[in-house]
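Letters A, B, ... are given to chains in the order of the sequence lines, protein chains preceding strands, and every chain is numbered from 1. Note that this is a predicted model, so its numbers are computed, not measured.
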Number of protein chains: 2
Amino acid sequence: MKSPSPTPNFAPIKTQRAFEVICEQIRAQLASGTLKTGDKLPAERELAAEFQVSRSALREALRSLEVAGIIRNVKGVKGGAFIQSAEPDRIVQAMQDYVHLGNISLDELTEARLATQDIIVRLACARASEADLAELEAIAERTRQETSVEARYECAAAYYRVLARATRNRMFGIFVDSLSAILHEFVQGPDYETLQETLIDSRFKLVRHLRARDADAAAAEMRKHLERVHRHVRKNLKAQGASTKTRKIPT
Amino acid sequence: MKSPSPTPNFAPIKTQRAFEVICEQIRAQLASGTLKTGDKLPAERELAAEFQVSRSALREALRSLEVAGIIRNVKGVKGGAFIQSAEPDRIVQAMQDYVHLGNISLDELTEARLATQDIIVRLACARASEADLAELEAIAERTRQETSVEARYECAAAYYRVLARATRNRMFGIFVDSLSAILHEFVQGPDYETLQETLIDSRFKLVRHLRARDADAAAAEMRKHLERVHRHVRKNLKAQGASTKTRKIPT
DNA sequence: CTCCTTTAATGGTCCGACCATTATAATATT
DNA sequence: AATATTATAATGGTCGGACCATTAAAGGAG
């Protein structure tokens with residue numbers, strides 16, 4: 001055995017690649033406020049010269065920033081890379097990737113959803129405006145008229161997004177979007193049609209509780225709803241067994 | 001005025017770029033289970049030939065997947081693109097970017113943190129093993145011995161990560177990591193040293209409540225802690241005023 | 001003045017080359 | 001024979017130049 005290294009606490013040598021350095025510099029300018037939403041970066045060929053790297057390396061950096069949702073690339077003259085305004089889509093995507101790669105179980109998802117929705121309902125109960133409530137009702141009404149499963153899902157997503165917005169806290173919107181996007185891949189199944197009617201009823205009930213500012217009743221209604229969905233998904237997962245689509249989330 | 005378009009519900013024309021198509025195909029194979037953690041993609045030159053695109057386009061796709069945390073690129077012979085195991089880092093990064101770009105206020109952050117930590121404490125109170133509690137104590141103890149601000153922050157992050165892990169729900173770990181990473185940029189300030197002692201005491205108290213399985217007391221202790229930090233950050237933000245660093249988060 | 005054409009800037013893609021790193025095979029050394 | 005050294009080849013990282021598609025603005029025709 002060799003002698004152990006005397007001081008094992010060296011700084012980790014990290015071969016920084018060109019695109020990483022570029023990304024860091026741009027991110028730093030973003031965090032410091034030098035760059036802000038709406039700003040336009042120089043053209044690729046120009047930026048490459050400025051950073052003294054090839055256009056390929058610069059493009060990989062820009063591509064990274066784009067998929068991170070930080071910039072938006074637009075073609076044509078007067079095109080270029082524009083600093084994006086904040087969109088939570090990337091967070092949702094990242095969470096979806098994490099679940100696809102990882103080991104989050106359906107039970108964990110549901111528990112997290114129960115917890116966050118409980119908070120959301122209670123906050124919304126305290127803060128929702130009459131306009132919010134009316135919008136919720138309108139969406140629930142529209143859900144009844146939609147026929148396709150996909151359209152109904154869109155309505156459901158809109159409903160919960162408005163509900164989250166009523167908390168006046170954008171963080172909850174992100175949580176909700178992430179969790180429901182992940183669960184969306186699993187809500188289809190044989191009895192989904194019949195379940196839908198129950199779900200829509202539940203949404204009307206929830207609005208009534210919110211309007212009465214009865215937080216406990218609203219939270220209870222939400223809880224019943226989520227547990228219904230959970231049972232539905234769980235049943236379908238068991239029924240379909242080893243389908244490639246469902247194996248991804250262990251129950 | 002021209003006649004309005006008769007059917008405004010056309011499908012949005014979206015010029016799909018090569019790298020996007022590649023990303024989608026690989027993500028699809030991931031979701032369907034064809035690709036899974038540890039798998040190795042063919043070499044770049046080979047993959048490019050298979051997709052019938054240039055190496056540059058393929059590399060932009062791989063770069064996107066890498067920054068999304070889906071693959072890891074390793075150099076040298078026997079190198080290549082390996083499907084990564086799930087790491088929540090990317091979600092944290094995405095949330096950080098969102099805050100930097102966006103309009104999340106400190107109050108919103110704190111509220112979300114209060115809500116999630118309340119859940120976490122209560123779940124941990126019910127589920128934490130003696131090993132978890134001992135680890136929490138050990139970390140709190142170690143924090144006292146550390147001197148640098150950065151090392152103490154690392155301890156604090158470790159403490160809350162272990163606490164989240166004690167819920168046996170990985171989702172909460174993600175939430176906590178994201179929120180605390182964002183807040184970390186703002187915890188420095190003149191009185192941080194003196195505050196630290198109080199914070200460490202609070203962590204010991206919290207463990208005692210958890211060991212006694214007193215969820216309400218534990219949640220209350222956590223709440224006091226978070227409010228302390230919130231007041232501290234808020235005060236420093238006001239004191240420093242229009243610093244470029246602090247202007248990013250409206251209070 | 002309006003409409004059409006041309007033009008130039010810009011991102012998207014492709015190609016071919018070379019460099020740096022790395023695991024393996026071949027060779028030299030003891 | 002065992003070990004250390006060196007050569008080799010595969011692979012990702014970078015480079016530079018070229019061409020295409022798109023787009024806004026300038027220029028020209030009526």
Side-chain angles (χ1 to χ4, degrees), chain A residues 1-3 10-27 35 37-84, chain B residues 1-3 10-27 35 37-84:
Chain A
M1 183 191 285
K2 292 270 192 72
S3 65
F10 285 119
I13 295 183
K14 190 178 160 191
T15 306
Q16 282 247 348
R17 293 168 289 184
F19 86 95
E20 287 177 315
V21 180
I22 299 173
C23 282
E24 277 174 22
Q25 290 200 24
I26 294 181
R27 271 203 166 91
L35 284 175
T37 299
D39 288 354
K40 177 177 171 301
L41 298 179
E44 287 184 356
R45 296 163 175 83
E46 200 174 330
L47 254 187
E50 198 167 329
F51 280 113
Q52 298 191 15
V53 296
S54 76
R55 208 182 143 207
S56 326
L58 178 88
R59 275 180 62 79
E60 290 190 19
L62 292 185
R63 188 65 67 226
S64 302
L65 294 175
E66 183 190 322
V67 301
I70 293 181
I71 64 174
R72 182 176 123 256
N73 290 311
V74 28
K75 288 174 67 171
V77 61
K78 289 296 174 185
F82 295 86
I83 307 289
Q84 273 283 70
Chain B
M1 183 191 288
K2 293 272 190 72
S3 64
F10 285 119
I13 294 182
K14 189 179 163 190
T15 305
Q16 281 242 337
R17 293 168 289 183
F19 86 94
E20 287 177 316
V21 181
I22 298 174
C23 282
E24 279 174 21
Q25 291 200 23
I26 293 181
R27 272 202 166 91
L35 284 176
T37 298
D39 288 354
K40 177 177 172 301
L41 298 179
E44 287 184 358
R45 296 162 176 85
E46 200 174 330
L47 254 187
E50 198 167 329
F51 280 114
Q52 299 192 11
V53 296
S54 77
R55 208 183 141 205
S56 325
L58 179 87
R59 275 180 63 80
E60 290 191 18
L62 292 185
R63 189 63 68 226
S64 303
L65 295 175
E66 183 188 324
V67 300
I70 294 181
I71 64 174
R72 180 176 124 257
N73 290 311
V74 30
K75 289 175 68 171
V77 60
K78 289 296 174 185
F82 295 85
I83 306 290
Q84 274 282 70

Check your understanding: Are A/R63 and A/E60 close enough for a salt bridge, meaning some N to O gap below 4.0 Å?
Key -> no
Exercise for review: Looking at every strand, decide which applies to B/R63 at a 4.0 Å heavy-atom threshold: base, sugar-phosphate, or nothing.
Suggested key: sugar-phosphate
Check your understanding: Is the shortest side-chain N/O distance from B/R59 to OP1 or OP2 of D/dG13 below 4.0 Å?
Key -> yes
Review point. So does B/R59 pair up with B/E44, basic N to acidic O under 4.0 Å?
Key: yes
Check your understanding: Does a side-chain N or O from A/S54 land closer than 4.0 Å to OP1 or OP2 of D/dT14, or not?
Key -> no
Check your understanding: In whole Å, what is the span from the CZ atom of B/R55 to the C1' atom of D/dG17?
Key -> 16 Å
Point to revise | B/F19 CZ - C/dG12 C1' separation (whole Å) | key: 10 Å
Check your understanding: Rounded to whole angstroms, how far apart are CZ on B/F51 and P on C/dC15?
Key -> 16 Å
Study note, to complete from the structure: B/N73 CG to D/dG13 C1', in whole Å, measures 10 Å
Review point. Rounded to the nearest Å, what distance is computed from the CZ atom of residue A/R45 to the P atom of nucleotide C/dA8?
Key: 15 Å
Check your understanding: Out of D/dA10, D/dT14, D/dC15, which has the shortest distance to the side chain of A/S56?
Key -> D/dC15
Check your understanding: In terms of side-chain heavy atoms of A/A57, which of C/dG12, D/dC15, C/dC14 is nearest?
Key -> D/dC15
Check your understanding: For A/E66 and C/dT10, what is the distance between atoms CD and P respectively, to the nearest whole Å?
Key -> 18 Å
Check your understanding: Any side-chain N or O of A/R17 less than 4.0 Å from the OP1 or OP2 oxygen of D/dT14?
Key -> no
**Study point:** Closest listed nucleotide, where the reference is the side chain of B/V77 and the choices are D/dA9, C/dG12, D/dG12
**Key:** D/dA9
Review point. B/R72 CZ to D/dT11 P: how many Å, rounded?
Key: 16 Å
Review point. Roughly how many Å is it from CD in A/E44 to P in D/dC20, rounded to a whole number?
Key: 18 Å
Practice item. Please check if atom NZ in A/K78 has more than 12 non-hydrogen atoms from other residues, nucleotides or ligands closer than 6.0 Å. Key: no
Check your understanding: Out of curiosity, B/R27 CZ to B/E20 CD, how far, rounded to the nearest 0.5 Å?
Key -> 10.5 Å
Review point. A/E24 and A/Q16: side-chain donor and acceptor closer than 3.5 Å?
Key: yes
Check your understanding: Of all the nucleotides listed (D/dA21, C/dT13, D/dC15), which has the minimum atom distance to the side chain of A/V53?
Key -> D/dC15
